[in-house]
Amino acid sequence: MEKIVALCKRRGFIYPGSEIYGGLTGTWDYGPLGALLKKNIKDEWWKEMVQLRSDVVGVDAAIMMNSTVWQKSGHLEAFTDPLVECKVCHQRFRADKDDEISSHEKIHKQKTEWTAPQKFNLLVKAYLGIIEGAQDEIYLRGEITQGAFVNFENVASSTRVKIPFGIAQIGKAFRNEITPGNFTFRSREFEQMELEFFIKPESTEGNKWFDYWKNQRINWYTSLGIRKENLRFRKHEEKEKAHYAKFAEDIEYNAPFGWSEFEGIHNRGDFDLSAHNLSYVDEDGKKYTPWVIETSGGIDRSLLFFLLDAYSEENGRTILKLHPKLAPIKAAVFPLLANKENLVSEARKIYKTLQKEMMVAWDDRGNIGKRYFAQDEAGTPFCITVDFQSLEDRTVTVRDRDSAKQERIKIENLQEYFQKKLK
Ligand code: GAP
């Protein structure tokens, strides 16, 4: 973890939020490489979950919602974690996190006593309106989900979707977490990527779609390079299930801090649509309240786990073996020598041409070895070098990040070469 945190800061993936003013606990800022990686994760998810399907449509709902939404959805009452306070130092913890409780107890030499657990609501309050004192108290959304539910009838009537169908969404969520930690893993501001899939209200349908989406989601992570052995499913015990869930399983990742929740798959039954008094009329005029199978993943957690899984050290080099589709920069272009005008101008032309198709970096500092070193740490899958041979036969070397092997490619074929490699 320390190596990943240091790499993220050094290369511009992730910085602490509001750092120059001492930070703000539980918030993180994504730098130039992090913002690109995040965008690539979101684009891949959207392609898989919306673009390639005819039974899913996307929405982008408002973060600020009428407070009634949170009352009806049960979040005002039940979106809570059990909070306990250490009677020795008055630090507060989650009572359900045994590992965090026991590692805190080890800090104190004496026996630690705890207050009785209290329900602590995670919703973040905000105030809206222009007249001081008469402003509306609202809540920043604790899950992006409700934006899909409140638009259920809008979507059903404005598109041609029929049950079974899904509403997909990506966006920010906010939680007043008791103990933010493990870098971005548990933050107070984070992004979610969710599918709410509406089905007939029957157990057999529920089980069928639950299994279907479980497999789709785990396969998506492995298709983007996460090693199978680092993923597993874990069923929620009765006592840990969210207030809306009939049944829930997590996809977990084998993180350095232990197996940890990556994405939740929930059978929410008709909890939400019933709560909002929404229903569906099918083609035969039959009215019913659909059930919902939900897949809810965190973008920040995905980004962290993609980085952890891609991190490797070989012969003193750090290499981020990110899947080429996720890599922030797809290729870097170098002139072999920065002081040879004909090499620089040829390399510039290649850089400008490739820029139209993908994110490309330029580097003419130091020697080639140092430039490879920097791009390996950034996860760039290909490095193109323009050398003296390029001026004679119009070829360049293309170096592969993971094998460090080089091949000579004709300049005129570079675009086609990368189209194939990045597919
Ligand atoms: N709509 C269902 C829902 O929000 P959840 O299990 O509470 O379910 C879903 O959250 C996902 O959101 C988690 O699996 C995780 O990836 C991400 N997530 C939740 N809380 C988070 C936090 N404090 N920091 C970062 N990611 C978080």
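Once rounded to the nearest 0.5 Å, the distance linking OG of Ser260 with CD1 of Ile251 reads 13.5 Å. The CD1 atom of Ile63 sits 4.5 Å away from atom CZ of Arg141, with the distance rounded to the nearest 0.5 Å. Here the CZ atom belonging to Phe13 is positioned 15.5 Å from the CG atom belonging to Asp29, to the nearest 0.5 angstrom. Here CD of Glu205 is found 10.0 Å from CD1 of Ile163. Values are rounded to the nearest 0.5 Å. One finds the CG atom of Leu37 at 9.5 Å from the OG atom of Ser302 (value rounded to the nearest 0.5 Å). Here the CG atom belonging to Leu7 is positioned 5.0 Å from the CG atom belonging to Leu320, to the nearest 0.5 angstrom.
Residues in residues 350-360 take part in no salt bridge (Lys or Arg N to Asp or Glu O under 4.0 Å) pair, two or more places apart or across chains. Residue pairs meeting the ring-ring contact (aromatic ring centres under 6.0 Å, His included) criterion with at least one partner in residues 226-246, sequence neighbours excluded, are His75-His243, His243-Phe271, Tyr244-His266. The stretch residues 354-385 participates, sequence neighbours left out, in these ring-ring contact (aromatic ring centres under 6.0 Å, His included) pairs: Phe334-Tyr372, Tyr351-Trp362, Phe382-Phe418. The salt bridge (Lys or Arg N to Asp or Glu O under 4.0 Å) pairs that include a residue from residues 274-292 number zero, where partners must be two or more places apart or lie in different chains.
Checked for salt-bridge contact, Lys420 and Glu416 meet the test: a charged N lies under 4.0 Å from a carboxylate O. For Glu191 and Lys42, the salt-bridge test passes: some basic side-chain N is under 4.0 Å from an acidic carboxylate O. Remark: Glu202 does not engage Lys200 in a salt bridge, criterion side-chain N to carboxylate O under 4.0 Å. A salt bridge between Lys47 and Asp43 is absent, with no side-chain N of the basic residue lying under 4.0 Å from a carboxylate O of the acidic one. The pair Arg10-Glu377 meets the salt-bridge criterion, since a charged nitrogen lies less than 4.0 angstrom from a carboxylate oxygen. A salt bridge links Glu143 to Arg268: at least one charged side-chain nitrogen sits closer than 4.0 Å to a carboxylate oxygen. By the 4.0 Å N-to-carboxylate-O rule, Lys214 lies close enough to Glu249 to be salt-bridged with it.
In terms of heavy-atom proximity, Asn40 sits nearest to Leu326 at ND2-O, 3.1 Å. Taking each heavy atom of Pro328 and Ala378 in turn, the nearest pair found is CD-O, 3.9 Å. Contact detail for Val333 and Ala347: the closest heavy-atom pair is CG1-O, 3.6 Å. Between Asn219 and Thr222 the shortest heavy-atom distance is O-OG1, 3.1 Å. For Trp46 against Ile170, the heavy-atom pair with the smallest separation is CE3-CD1, 3.9 Å.
Around CG of Asp99, the count of heavy atoms belonging to other residues, nucleotides or ligands within 6.0 Å exceeds 12. The environment of Met1 atom CE is dense: over 12 non-hydrogen atoms of other residues, nucleotides or ligands sit within 6.0 angstrom.
Every residue meeting the salt bridge (charged side-chain N to carboxylate O under 4.0 Å, His left out) condition with Glu189, not counting sequence neighbours, appears here in chain and number order: Lys172. Take Glu113 and apply the side-chain hydrogen bond (donor to acceptor under 3.5 Å, both in side chains) test, not counting sequence neighbours, and it matches no residue. Every residue two or more places apart in sequence or in another chain was checked for a ring-ring contact (aromatic ring centres under 6.0 Å, His included) with Tyr30, and none qualifies. Applying the side-chain hydrogen bond (donor to acceptor under 3.5 Å, both in side chains) criterion to Ser158, with sequence neighbours excluded, gives no partner residue. Qualifying ring-ring contact (aromatic ring centres under 6.0 Å, His included) partners for Tyr288, counting only residues two or more places apart in sequence or in other chains: Tyr280. Every residue two or more places apart in sequence or in another chain that forms a side-chain hydrogen bond (donor to acceptor under 3.5 Å, both in side chains) with Thr179 is listed here: Glu100, Arg186.
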Taking distance alone, no hydrogens or angles, what donor-acceptor pairs closer than 3.5 Å link side-chain atoms of residues 303-317 to residues at least two apart or in another chain?
residue: Asp309; atom: OD1; partner: Asn230; partner atom: ND2; Å: 2.8
residue: Asp309; atom: OD1; partner: Tyr253; partner atom: OH; Å: 2.4
residue: Asp309; atom: OD2; partner: Arg227; partner atom: N; Å: 2.9
residue: Asp309; atom: OD2; partner: Arg227; partner atom: NE; Å: 3.2
residue: Tyr311; atom: OH; partner: Glu313; partner atom: OE2; Å: 2.7
residue: Ser312; atom: OG; partner: Ile319; partner atom: O; Å: 3.4
residue: Glu313; atom: OE1; partner: Lys3; partner atom: NZ; Å: 3.4
residue: Glu313; atom: OE2; partner: Lys3; partner atom: NZ; Å: 2.8
residue: Glu314; atom: OE2; partner: Lys321; partner atom: NZ; Å: 2.7
residue: Arg317; atom: NH1; partner: Asp376; partner atom: OD2; Å: 2.3

Please output the side-chain donor-acceptor pairs of residues 76-88 that fall under 3.5 Å, not counting sequence neighbours, one pair per line with the distance.
residue: Asp81; atom: OD2; partner: Arg94; partner atom: NH1; Å: 3.3
residue: Glu85; atom: OE1; partner: Arg92; partner atom: NE; Å: 2.9
residue: Glu85; atom: OE1; partner: Arg92; partner atom: NH2; Å: 3.2
residue: Glu85; atom: OE2; partner: His90; partner atom: ND1; Å: 3.0

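The shortest distance between side-chain heavy atoms of Tyr15 and Cys8 does not fall below 4.5 Å. A heavy-atom distance below 4.5 Å is not found between the side chains of Tyr21 and Glu19. Two residues are said to be in side-chain contact when any heavy atoms from C-beta on lie closer than 4.5 Å; Lys235 and Asp250 fail this criterion. Two residues are said to be in side-chain contact when any heavy atoms from C-beta on lie closer than 4.5 Å; Ile138 and Lys125 fail this criterion. Side-chain contact between Ile167 and Leu195 is absent, with no heavy atoms from C-beta onward closer than 4.5 Å. Using a 4.5 Å heavy-atom threshold, the side chains of Gln146 and His276 count as touching. Between Cys89 and His104, the closest side-chain pair of non-hydrogen atoms falls below 4.5 Å. Looking at Ile265 and Glu294, their side chains never come closer than 4.5 Å, going by heavy atoms from C-beta outward.
If you run salt bridge (Lys or Arg N to Asp or Glu O under 4.0 Å) between Arg234 and each of Glu240, Glu261, Glu263, only Glu240 comes through.
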Checking Arg188 against Glu177 for the salt bridge (Lys or Arg N to Asp or Glu O under 4.0 Å) test, could you report, in this order, the C-alpha distance in whole Å, the side-chain angles of both residues, the deciding distance, and whether it holds?
CA-CA 6 Å; Arg188 288 183 169 148; Glu177 294 284 359; over 6 Å; no
Trp220/Glu48 under side chain to side chain contact (heavy atoms under 4.5 Å, CB included): CA gap, chis, key distance, verdict:
CA-CA 8 Å; Trp220 184 75; Glu48 171 85 4; 3.5 Å; yes
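In summary, the side chains of Asn207 and Thr204 do not present any donor paired with an acceptor at a separation below 3.5 Å, with no hydrogens or angles considered. Using modelled atom types and a 3.5 Å distance limit, the side chains of Thr145 and Glu194 yield a donor-acceptor pair.
Geometric assessment of Arg217 against the ring of Tyr221 yields a positive cation-pi assignment under the 6.0 Å and 45° thresholds. Under the 6.0 Å distance and 45° angle rule, Lys208 does not count as a cation-pi partner of Trp213.
Between Trp28 and Phe183, the ring planes lie perpendicular to each other; the angle is over 60°, past the 30° to 60° tilted range. Relative orientation of the Phe197 and Trp209 rings is tilted, given thresholds of 30° and 60° on the angle between their planes.
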